[in-house]
Amino acid sequence: MSRPGTVLVLGTGQAGFQVAASLREEGFDGRVVLVGDEPGLPYQRPPLSKAYLTGKADANAVRLRPDKFFAEHRLELRAGERAARIDRAGRRVALASGEAIPYDHLVLALGARNRALPVPGAGLDGVAQLRTLGDAEALRGRLDAARQAVVVGAGFIGLEFAAVAAARGVAVTVVEAADRPMARSLSPAMSAFFRGAHERQDVRFVFGATVVRVLGGEGGGLATGVETADGRRFPADLVLVGIGVVPNAELAAEAGLAVADGIAVDEHLATDDPAISAIGDCARHPCRFAAAGTGPTRIESVQNAVDQARCVAARIAGRPAPYGAVPWFWSDQGALKLQIAGLATPHERAVVRGDPAGGAFSVFCFREGRLVGVESVNRPLDHVLARKLLANGIGLAPEQAADPRFDLKAHASVPRAA
Amino acid sequence: MPNIVFVHPDGAREELEIAEGTSLMQGATAQGIDGIVAECGGNCMCATCHVYVEPSQLALLPAMSEEEDALLDGTASERQPNSRLSCQISVTPALDGLLVNLPERQV
Ligand SMILES: Cc1cc2nc3c(=O)[nH]c(=O)nc-3n(C[C@H](O)[C@H](O)[C@H](O)COP(=O)(O)OP(=O)(O)OC[C@H]3O[C@@H](n4cnc5c(N)ncnc54)[C@H](O)[C@@H]3O)c2cc1C
Ligand code: FES
């Protein structure tokens, strides 16, 4: 669709904002309408579990752009409005308010919501989650008064929160069903390093444990702790639940689009209706970096949201190209910054480059003999070079990665072999 | 507040007042400037906040970290000796009058 028309974007998170901004950068001259159910200007989520939680950043600092930007670029922002139904035949979307907005192209950037803890007591006061600015604001208040916290789930967000809470003197226990932190995404070596680092900050881990109940609530009171399947009880005045997300795919499913833990899209990020694209946390795409046979992939990261947004904006502006950006991600946990390039899960071989004992190293992960992902702490150059290797399909042998004398930088600048 | 001059690739100048302690990137994007993308929000991960600093003023800036140096190798517009990442430059009174050129592209 190269002629101007109306592009309607549902969801005003990282992906929704970016597709609108990129449409203008690409010279798209039609109408751009952004509908999002959160109040206010679009903002970034990463600081919510980092600088915002520690008080280093305020609500203004997490905003992506000021009001003026939307006006200058003629982006019609409809904040605080919920999309209720997609009428594909009529090419319009009904809002919860009753209004209908017509579109020529619809971009679904609906994100994901936190998975609820499916146990009794999960709704008690004192049980918190962290996805939105509203959640973060509430959590920041609670943190001021908290003395003992239980974090359910040792994923990125849970551990970022744990580090912030522990640094403020809160006694933190992390309860996790797997046998190591960030098991879904990280190599055992990097996972073990982060476990040690958190433990040195007095974060306590309980692995292989499933929470079956949140305790407390007698007489309408607060949560007082959690109980695990083996009957152990962990007291807390604050319970943070970080057990993953559920993609917001219902609108698409109700409109008859293919959905399977995310909205299904092709390599151009189009759904099975060519007038509708889906991007970011809500979309599942054929990813050239995923393991063969694992099927389409849903990635939750700023990089994925932003690069997918650009890909769709370029297509709408008349310059289609398949999506193929290298995935990258970071997580700040206390004083440590983890950087990840590629998709390392699953891998059968992992080699270490650098010095884990000194806290500066990378884990290079190989699947079927090919480099598929690199995890780094305090080795920023490894991370940058890993992105280059992966983007250009430059081969690397595990022995080369492990050899400290091997010049990775020179290797990464070698032009791609034909 | 220190005054910072941003020069767009077409020569257009934009003067912005940026509070001390705020990064150049943060101050500029909060005022809606075009030409700085900053998709990682100042985390030294994306290199889309690249600027060219007026060479005679380079010495006023804080030294470059290993992280910034590494990332600058991956900018969309070519790295020059006066390339910096604007998210890594915290504004101080000494930077009043700083002039930075925005690159042709950030992605
Ligand atoms: C606390 C936290 C920390 C994170 N840290 C990092 C990090 O360090 N690095 C990193 O790379 N990534 C991080 N992420 C992940 C990253 O923020 C997400 O991947 C990214 O925000 C996805 O963008 P999105 O636009 O797809 O979804 P979202 O940002 O979730 O935006 C979707 C929007 O759509 C709205 N919406 C949903 N349904 C409707 C409807 N029917 N009508 C209208 N609006 C609707 C939602 O309310 C939401 O505002 C973090 C996430 C969280 C929550
Ligand atoms: S904003 Fe991403 S590196 Fe500066």
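Chain identifiers are assigned alphabetically (A, B, ...) following the order of the sequence lines, protein sequences preceding nucleic acid strands; residue numbering begins at 1 within each chain.
- Using a 4.5 Å cut-off between heavy atoms, B:Glu66 contacts chain A through both its backbone and its side chain.
- Heavy atoms only, all atoms of each residue included: A:Leu269 and A:His285 are closest at CD2-CB, 3.9 Å.
- In this structure, chain B has heavy atoms under 4.5 Å from both the backbone and the side chain of A:Ala61.
- Atom CG of A:Asp67 has 12 or fewer heavy atoms from other residues, nucleotides or ligands within 6.0 Å.
- A:Ser22 places no side-chain N or O within donor-acceptor distance of the main-chain N or O of A:Val19, the cut-off being under 3.5 Å.
- Within 6.0 Å of CZ in B:Arg105 there are 12 or fewer heavy atoms belonging to other residues, nucleotides or ligands.
- Note that CE of B:Met64 and CD of B:Gln88 are 10.0 Å apart. Values are rounded to the nearest 0.5 Å.
- With salt bridges taken as basic N to acidic carboxylate O contacts below 4.0 Å, one links B:Glu39 and A:Arg310.
- When heavy atoms are compared at a cutoff of 4.5 Å, B:Leu72 does not approach chain A at all.
- Of the atoms belonging to A:Lys50, not a single heavy atom falls under 4.5 Å from chain B.
- With a 4.5 angstrom heavy-atom cutoff, A:Arg65 touches chain B via backbone and side-chain atoms both.
- In this structure, chain A has a heavy atom under 4.5 Å from the side chain of B:Val107, while its backbone stays farther away.
- Only the side chain of B:Asp34 comes within contact range of chain A, with heavy atoms under 4.5 Å apart.
- Taking the six-membered ring where the residue is Trp, A:Phe361 and A:Phe193 present perpendicular rings, their angle passing 60° and hence far from 30°.
- Your options are A:Val306, A:Asp307, A:Val62, A:Asp382, and the one with the most heavy-atom pairs under 4.5 Å with chain B is A:Val306.
- Put simply, of A:Arg379, A:Gln339, A:Gln18, A:Arg63, the one with the most heavy-atom pairs under 4.5 Å next to chain B is A:Gln339.
- Of the atoms belonging to A:Phe70, not a single heavy atom falls under 4.5 Å from chain B.
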